[in-house]
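Notes follow once the structure below has been shown.
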Amino acid sequence: MLRVDIITIFPGYFREVLDFGIIRRARAAGLVDIQAHDLRGWTSDKHHVVDDRPFGGGDGMVLKPEPIFAAVESLVGAKRRESIAGGKRVVLLSPQGKPFSQSLAAEFALTEQLVLICGRYEGVDERVADALVTDEISIGDYVLSGGEPAALTVIDATVRLLPGALGSDTSAVNESFSDGLLDCPQYTRPPEFEGMRPPDVLLKGNHAEIERWRREAATEKTRRNRPDLLKP
Ligand code: ADE
């Protein structure tokens, strides 16, 4: 069973989103246990302050290191990256991170514990990235107001790869990115919709022809929308 611990100042954000579809089924089947923890629970001052002004000046507030280090110590049993057990990953979500990818999701699906630290405000004290986490990850080249939607994205991409998470009629093998191409286009009934028809080859049932069409259509779609994936 994969254990996922989310460290956030908005634990309520995750209350309902984890209750749908594949994630809900995986949780119900005991494949994953997901807990969202309030970072403020690891503060020791009266007002539960988690942020402070940046050294050197500038706009905005920075998440303080002490509550985050305390949270990871209590959830993982390690005070520094070097003492984190193999099979555990401690991830900081931030726009400065390495790009998230299908292959990273596949690595995470093999772990026993995934801790996701959601950044907020204008940043997180850099000592967290320097000394505490195993991975600093971005989900894309845009700035979110916090790491929560990014954590959700990492959870979704990871949980659906857990053995048994997808129904037997679905497979994670034949899909976008697992072979470096986007998925081929799919069609379903009706065969004619407002004058638009699927390619005839899909309606005829010649499986070799269908396979050939799908490979070519996937390549064409990739060339059009993601030419970067075709570059050597
Ligand atoms: N926090 C803010 N923006 C982010 C991004 N693009 N990826 C991960 N975490 C973030």
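What you see below is based on every heavy atom in this structure, not just the backbone, and it leaves out hydrogens, waters and symmetry mates.
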query: Got F14 and E148 here, is their nearest side-chain heavy-atom distance under 4.5 Å?
result: yes
query: Would you call K221 and D183 a salt bridge, using N to O less than 4.0 angstrom?
result: no
- prompt: Measuring from D59:CG to R53:CZ, what's the distance to the nearest 0.5 Å?
  reply: 12.5 Å
field: Shortest non-hydrogen contact from A26 toward V159
entry: CB-CG1, 3.6 Å
statement: Smallest heavy-atom separation, V62 atom then D125 atom, equals CG1-N, 3.4 Å
message: I'd like to know if E82 and R80 make a salt bridge, using a cut-off of under 4.0 Å between side-chain N and carboxylate O.
response: no
message: Tell me the closest heavy-atom pair linking P65 and R127, and the distance in Å.
response: CG-NH2, 4.0 Å
- prompt: Would you find a donor on one side and an acceptor on the other, under 3.5 Å apart, between the side chain of T158 and the backbone of I155?
  reply: no
message: So does L182 get a backbone contact from the side chain of T222, meaning a donor-acceptor N/O pair under 3.5 Å?
response: yes
- request: Indicate yes or no: at least one non-hydrogen side-chain atom of L181 is less than 4.5 angstrom from one of L229.
  value: no
task: Specify the closest pair of heavy atoms between I210 and L202, including all atoms of both residues, with the distance to one decimal.
output: CG2-CD2, 4.0 Å
Show me the donor-acceptor pairs, under 3.5 Å and distance only, between side chains in residues 108-115 and residues at least two apart or in other chains.
unit_1, atom_1, unit_2, atom_2, d
T111, OG1, F108, O, 2.7
Q113, OE1, K88, NZ, 3.0
Q113, NE2, D5, OD2, 2.8
Q113, NE2, L75, O, 3.0

